[in-house]
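If you're wondering where the values come from, they're calculated on a predicted model, not measured in any experiment.
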Amino acid sequence: MQGTQEKSIDYVNAASTMQKLNFFLSNRLLHLENIIMMYKESGFVLEKGRGADVDVMFERYYNSQDYSASFWNDQFTQPYKFQVLPASSFAEIVSNHRAGERMLLPIIVKNDQLPNFYLIAMADADMIYSELGQTINDKFYILNDHNQQLYTSSRSEQVSLPKFTDQSGYVIQDSIYYFYMKGESGLTYIHVVPDTTISSQIRWNFSFVLLLILTIAISVIASFLLSVRINTPVKQIIDAMQKWNTTQPSISGIKEFNIIHNKISDILKTSRDIHQDMSEKESLLQYYAYSNKLKKIRHQNGDSSPWVPSNRPFVLLLFKVSYKSMLYRIEVDEERATSFIREYVNRIIMETYPDSLTFQMEKDQILSIVFTEMTDPNIRLTLEQINHVLEAERKYCFLTITASGGIEDWNEAYQTGLEQLKKRKFDDETQIVVDIERQDEDIQLSQAQEEELDANLYSGNDTDVIQLVRRVLGRMKKRNESALSVLQFAESIMHRTQKILQQRNIDPATVRHALTELQICYTYEQLDTIMSSMIQSSAFLVKELKDKRDHIIDFVYEYLEKNYDKEITLDAIADKLNISRSYLSTYFKEKTGDYFVDYVNSVRINKAKVLLLKPDIRIQDAAQSAGYQNINSFNRMFKKLTGFTPSEFRKSKLH
């Protein structure tokens with residue numbers, strides 16, 4: 001975290017903090033289930049396995065009937081610096097059910113220098129009692145300095161406890177012994193033993209104590225005789241060994257031991273440095289080895305690598321991260337955010353597959369290698385667990401997750417995964433794309449719709465264009481088309497609009513802006529807003545140009561529309577306009593962006609394309625009707641402008 005006063009979240013530091021928490025909590029002698037870090041300004045909560053808003057953390061992951069999210073927020077205003085709260089049952093809410101119930105004892109620790117931050121240490125009360133505080137009848141209590149009951153080992157029984165005035169001792173009440181002791185923290189620890197239980201144990205305890213004293217006496221005599229011979233040299237050796245891993249100077253009075261201590265300290269330090277350096281280089285070599293396999297990069301030493309096992313089944317788990325606009329508001333770089341998510345993913349996968357490897361392949365792509373079969377049911381369960389954990393970050397990002405596998409061909413498996421990522425549906429939710437559905441033929445505009453679209457764009461009729469686009473997008477949404485298909489359709493409409501604007505010598509800045517917005521568009525609602533705005537702005541520019549009517553250009557357009565099938569020359573049209581041939585050629589190119597001859601050919605080929613869609617019209621007749629008397633010239637020009645020969649075009653459209 002960058003600091004408790006900042007509202008932005010440094011995900012890299014958060015991941016580092018989580019690692020430190022896990023290392024600290026690995027000490028089982030502390031008996032801590034978790035440590036939760038509370039940040040007031042950002043409303044963010046960080047613990048060993050996740051970060052989340054305070055409401056999500058305490059309503060979902062640490063749900064308790066005694067402690068709500070508002071309770072924890074209120075603790076910022078309380079004046080105490082250290083407080084032990086009564087134990088309560090905490091659980092995680094999964095599908096409206098409480099899972100993982102455990103009895104935890106919350107301990108709050110504050111710092112005067114950080115008023116907007118505090119820690120909650122979740123102590124496992126039952127574990128502490130089972131290992132340190134068991135009594136012969138399982139009745140143990142902890143009270144605070146106000147005699148409030150913080151914990152009891154027997155939760156089903158309500159007991160009225162007496163008052164405890166001294167620092168330690170016992171109280172007898174109703175033939176029950178209450179042995180107690182008060183600690184420096186103000187807590188009182190109580191063992192409850194009935195009088196009958198003590199009486200029944202006295203005779204057996206007396207015999208046991210005698211036997212124990214006799215055994216200890218024999219052991220002490222034997223140990224003394226043995227230690228007289230070896231105690232002094234062994235003690236010095238042990239002391240020296242204990243100092244090898246510390247920075248403290250040796251205090252031995254034996255010079256030889258000091259020399260051994262210093263030499264071995266140097267050796268151990270050098271060994272640690274070498275080991276750390278080798279570990280870093282080994283990790284880097286491993287990453288490059290797998291990257292070469294996945295991307296099929298060949299090098300001079302061949303394809304074999306000791307880091308990549310052969311003939312071992314593997315599954316590649318690919319994660320593509322898409323970021324929402326909310327991420328940019330907290331000023332977090334995408335690549336750093338992806339590295340934070342990689343830590344999440346790696347931690348979850350390692351729980352099931354300890355030998356798995358997780359890399360950040362691109363700034364928005366994470367890859368995990370799991371050595372198992374594709375049929376392994378735990379693959380799906382692991383992916384769903386990742387989806388469940390990252391749901392807390394849904395306002396910042398969403399993921400597309402897929403799995404592909406094999407035995408030898410790493411590149412093929414990787415390419416398969418990349419292709420599967422493209423099959424995600426068009427929305428802003430995390431999707432697991434494993435079972436690929438059969439895709440129907442892409443929805444495309446018919447020839448008539450393309451001509452209608454171009455005509456309306458050219459005339460600035462935004463209403464009809466928007467209705468046509470919405471009809472197509474509606475069919476795509478109904479058929480649940482892939483995001484790739486939807487965006488490709490939207491991009492094709494934008495490019496058509498851009499071409500129309502350029503033909504009319506209008507700056508297509510509005511289209512360029514829409515193409516940029518398309519890169520971060522994830523829902524049909526967003527897409528409708530972008531497309532409608534782009535079409536309306538473009539139509540306005542076209543209408544504005546039409547209001548500034550250009551009589552020369554309009555005359556050329558109208559003349560070609562009526563006489564495209566006749567012989568057309570630049571000289572003939574210039575004569576009709578009473579201007580020179582060269583002036584008309586220069587003026588037309590300047591205003592439309594096209595050369596006159598190219599525009600004539602485009603008009604004729606467009607007319608011919610309509611005729612070729614009629615199967616009863618021969619190609620020669622279509623050419624003549626469009627103004628081409630030479631069939632070879634027609635074929636050559638048709639191929640140049642469309643990329644197809646006339647026969648190929650007809651075949652592709654009619655079959």
Side-chain angles (χ1 to χ4, degrees), residues 18 20-38 45-50 52 54 57-93 98-111 117-135 137-161 164 168 178-192:
M18 289 163 58
K20 293 175 182 177
L21 287 179
N22 277 280
F23 178 78
F24 184 76
L25 293 169
S26 64
N27 186 350
R28 295 181 58 84
L29 296 178
L30 297 176
H31 300 294
L32 292 180
E33 193 268 347
N34 206 342
I35 293 178
I36 300 175
M37 307 175 74
M38 301 285 296
V45 181
L46 189 68
E47 49 101 12
K48 66 178 180 180
R50 63 173 60 86
V54 64
M57 182 64 71
F58 293 108
E59 291 178 7
R60 178 173 181 177
Y61 299 112
Y62 274 85
N63 181 272
S64 168
Q65 295 180 353
D66 300 317
Y67 303 109
S68 63
S70 60
F71 171 85
W72 298 111
N73 279 327
D74 290 342
Q75 301 313 298
F76 284 107
T77 62
Q78 301 302 317
Y80 62 80
K81 304 305 175 189
F82 176 86
Q83 182 75 27
V84 182
L85 301 177
S88 178
S89 176
F90 290 84
E92 181 176 348
I93 303 301
R98 293 173 62 83
E101 292 265 3
R102 62 272 195 205
M103 181 62 65
L104 301 178
L105 190 69
I107 304 170
I108 296 179
V109 181
K110 297 183 180 181
N111 189 313
F117 168 82
Y118 71 84
L119 291 176
I120 308 171
M122 292 292 190
D124 191 328
D126 287 337
M127 181 181 294
I128 295 173
Y129 169 68
S130 65
E131 294 190 10
L132 303 177
Q134 284 189 334
T135 62
N137 60 353
D138 193 28
K139 291 185 178 180
F140 175 73
Y141 300 87
I142 301 177
L143 307 181
N144 62 15
D145 52 1
H146 299 295
N147 286 325
Q148 180 186 12
Q149 185 172 301
L150 300 181
Y151 172 78
T152 173
S153 60
S154 179
R155 288 184 281 277
S156 61
E157 182 178 355
Q158 298 294 328
V159 177
S160 176
L161 299 173
F164 306 102
S168 64
Y178 296 89
F179 295 92
Y180 68 92
M181 180 179 67
K182 295 183 179 181
E184 295 181 0
S185 61
L187 303 182
T188 302
Y189 306 92
I190 305 164
H191 288 278
V192 180

Tell me if the CZ atom of Phe24 is crowded by more than 12 foreign heavy atoms within 6.0 Å.
no
More than 12 heavy atoms from other groups under 6.0 Å of NZ on Lys81:
yes
Rounded to the nearest 0.5 Å, what separation is found between the CE atom of Met57 and the CG atom of Asn63?
13.0 Å
Taking CD in Glu101 as the centre, count heavy atoms belonging to other residues, nucleotides or ligands within less than 6.0 Å. Is the count above 12?
yes
Within the 4.5 Å heavy-atom criterion, are Phe58 and Ile36 side-chain neighbours or not?
yes
Do the rings of Trp72 and Tyr67 sit parallel, tilted or perpendicular, given the 30° and 60° boundaries?
tilted
How are the rings of Phe164 and Tyr180 set to each other: parallel, tilted or perpendicular (split at 30° and 60°)?
tilted
Quick one: does Asn144's side chain get under 4.5 Å of Val84's, heavy atoms only?
no
Go through the steps for Phe71 and Asp66 under the test side chain to side chain contact (heavy atoms under 4.5 Å, CB included), then give the verdict.
CA-CA 9 Å; Phe71 171 85; Asp66 300 317; over 6 Å; no
Report the distance from atom CG of Leu85 to atom CD of Gln148, rounding to the nearest 0.5 Å.
8.5 Å
Among side-chain atoms of Glu33 and Tyr62, is any donor-acceptor pair under 3.5 angstrom?
yes
Ile35 and side chain to side chain contact (heavy atoms under 4.5 Å, CB included): which partner among Val109, Asn22, Leu25?
Leu25
